[in-house]
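First the proteins, then the strands, lettered A, B, ... as listed; each starts at 1. Keep in mind that this is a model prediction, so the values were computed, not measured.
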Amino acid sequence: MAERPEDLNLPNAVITRIIKEALPDGVNVSKEARRAISQAASVFVLYATSCANNFAMKAKRKTLNAGDVLAAMEEMEFERFLEPLKEALEVYKKGQKGKKEVSEQKRKDKEKKSDLESDKTREEEEEEEERMEEEPDAENEVEEEEVEN
Amino acid sequence: MKMSQNTSDKDDQSPSNKKNISLPISRVRLIMKSSPDVSSINQDALFLTTKATELFVQHLAVSSFNNGSGKETNSLSYSDLANTAEETETFHFLTDILPKKILARDYLKSLEQMQEEEADY
């Protein structure tokens with residue numbers, strides 16, 4: 001859970017970089033405008049989540065999936081995002097698969113060596129994983145999570 | 001506010017390129033989870049929402065710049081964003097957090113007018 005209100009902000013440096021990359025070179029974006037876009041992005045996440053959650057609830061599912069998010073984009077009239085999103089998801093899935101095969105072996109070796117160590121890092125990775133456990137394929141995701149970080 | 005910026009800036013830089021997203025997935029998940037009805041989110045949905053948020057930021061910035069007054073001066077200002085929120089259908093949901101700015105002088109004037117109209121009755 002978010003404990004401080006600023007936990008619901010997205011990192012300004014990253015937002016600024018995305019804006020800069022989208023606009024022609026040399027455009028000056030005022031500080032106020034950057035902050036407004038960042039807040040808009042947070043609201044966008046909440047709005048998209050709520051739409052996607054409606055689709056999941058209609059289907060009597062507890063877990064939001066990719067289809068729900070794509071359906072939400074359509075409902076929000078951001079159809080223009082659908083194609084790039086699908087493409088990005090493909091690339092992402094391929095990447096995950098590749099990583100998984102490599103890391104599978106590494107992980108097995110590691111597990112033998114350092115049960116203690118991995119326990120420590122796992123604690124640091126917060127309760128995020130705990131929440132994941134509610135999902136049917138939680139085990140896979142926990143793995144992926146570790147690979148990413 | 002400042003502290004959270006500093007800490008999150010650091011760990012966002014490196015993993016971004018590999019995954020072809022720049023925003024931190026963990027932060028996006030936190031925002032999604034702050035919605036009370038949401039119980040769990042699978043990894044793909046999380047990835048898509050993060051990616052969609054990036055597309056949204058680009059889209060909002062570009063639309064506002066193109067519709068805005070800053071094309072000659074090469075700048076993007078708050079009022080460009082507020083105008084876009086008001087004028088563009090898909091950005092309507094932003095009007096609450098991107099209110100149009102109005103000068104106190106003008107506000108007082110319109111308040112006076114309203115009172116006069118009431119007095120006329």
Side-chain angles (χ1 to χ4, degrees), chain A residues 1-2 6-15 17-19 22-23 26-30 32-33 36-37 39-50 52-53 62-66 68-70 73 76-78 80-81 84-85 88-89 91-93 95 128 131-132 134-135 141 144 148, chain B residues 1 4-5 8-9 12 15-16 18-35 37-45 47-49 51-62 64-65 70 73-78 80-82 85 89-90 93-94 96-98:
Chain A
M1 269 292 145
E6 62 264 36
D7 287 345
L8 300 183
N9 291 342
L10 292 159
N12 284 314
V14 185
I15 294 286
R17 194 173 55 206
I18 297 171
I19 300 171
L23 293 175
V27 174
N28 178 43
V29 184
S30 76
E32 206 182 9
I37 293 179
Q39 283 169 347
S42 289
V43 172
F44 173 84
V45 174
L46 287 171
Y47 183 26
T49 305
S50 138
N53 200 47
K62 278 181 107 181
T63 305
L64 294 193
N65 65 28
D68 296 329
V69 178
L70 293 173
M73 290 303 124
M76 293 161 76
E77 290 178 37
F78 285 117
R80 57 190 309 143
F81 295 168
L85 283 179
L89 185 63
V91 175
Y92 173 71
K93 278 183 167 171
E128 279 171 15
R131 289 186 216 130
M132 286 302 215
E134 296 158 19
E135 295 164 28
E141 307 208 2
E144 285 167 12
E148 269 173 37
Chain B
M1 181 97 179
S4 79
Q5 279 174 24
S8 39
D9 290 353
D12 299 326
S16 57
K18 286 182 227 153
K19 280 183 294 180
N20 99 66
I21 46 176
S22 337
L23 287 169
I25 281 203
S26 58
R27 181 58 59 100
V28 173
R29 169 162 43 213
L30 201 66
I31 300 172
M32 294 175 83
K33 287 272 187 175
S34 75
S35 169
D37 313 326
V38 175
S39 47
S40 61
I41 306 150
N42 83 13
Q43 198 68 19
D44 289 351
F47 170 82
L48 280 181
T49 308
K51 182 74 191 171
T53 309
E54 294 191 12
L55 295 173
F56 170 79
V57 168
Q58 291 169 358
H59 185 40
L60 177 60
V62 171
S64 304
F65 180 69
T73 53
N74 235 8
S75 62
L76 180 65
S77 69
Y78 177 88
D80 296 331
L81 294 165
E89 180 81 36
T90 47
F93 70 97
L94 296 173
D96 281 348
I97 61 145
L98 285 173

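Within the 3.5 Å criterion, the main-chain N or O of Lys62(A) finds a donor-acceptor partner in the side chain of Ser39(B). Not one N or O on the side chain of Arg27(B) forms a donor-acceptor pair closer than 3.5 Å with the backbone of Pro11(A). Glu54(B) places a side-chain N or O within donor-acceptor distance of the main-chain N or O of Leu23(B), the cut-off being under 3.5 Å.
Heavy-atom distances place the side chain of Val91(A), and not its backbone, under 4.5 Å from chain B. In this structure, the portions of Phe44(A) lying under 4.5 Å from any heavy atom of chain B include both its backbone and its side chain. The contact between Leu48(B) and chain A is made by backbone and side chain atoms together, counting heavy-atom distances below 4.5 Å. Asn53(A) touches chain B through its side chain: at least one heavy atom from C-beta onward sits under 4.5 Å away, while N, CA, C and O do not. With a 4.5 Å cut-off on non-hydrogen atoms, Ser42(A) touches chain B through its backbone and its side chain both. When heavy atoms are compared at a cutoff of 4.5 Å, Leu81(B) approaches chain A solely by way of its side chain, counted from C-beta outward.
Most heavy-atom pairs under 4.5 Å with chain A: of the set Leu60(B), Asp37(B), Val28(B), this distinction falls to Asp37(B). Annotation: maximal heavy-atom pairing with chain B below 4.5 Å, among Ala48(A), Ala41(A), Ala22(A), Ala40(A), occurs at Ala40(A). Per-residue heavy-atom pair counts under 4.5 Å with chain B were compared for Asp68(A), Thr49(A), Val27(A), and the maximum is reached by Val27(A). The residue among Val43(A), Leu89(A), Ile19(A), Val29(A) with the most heavy atom pairs within less than 4.5 Å of chain B is Leu89(A).
With sequence neighbours left out, Glu32(A) forms a salt bridge (charged side-chain N to carboxylate O under 4.0 Å, His left out) with Lys101(B). In this structure, the side-chain contact (heavy atoms from CB on, under 4.5 Å) partners of Ala85(B), at least two apart in sequence or on a different chain, are Leu94(B), Thr95(B), Leu98(B).
Distance check: Tyr47(A) OH to Ser35(B) OG gives 13.5 Å after rounding to the nearest 0.5 Å.
Using bins of under 30°, 30° to 60° and over 60° for the plane-to-plane angle, the ring pair Phe56(B)/Phe93(B) lands in the tilted bin.
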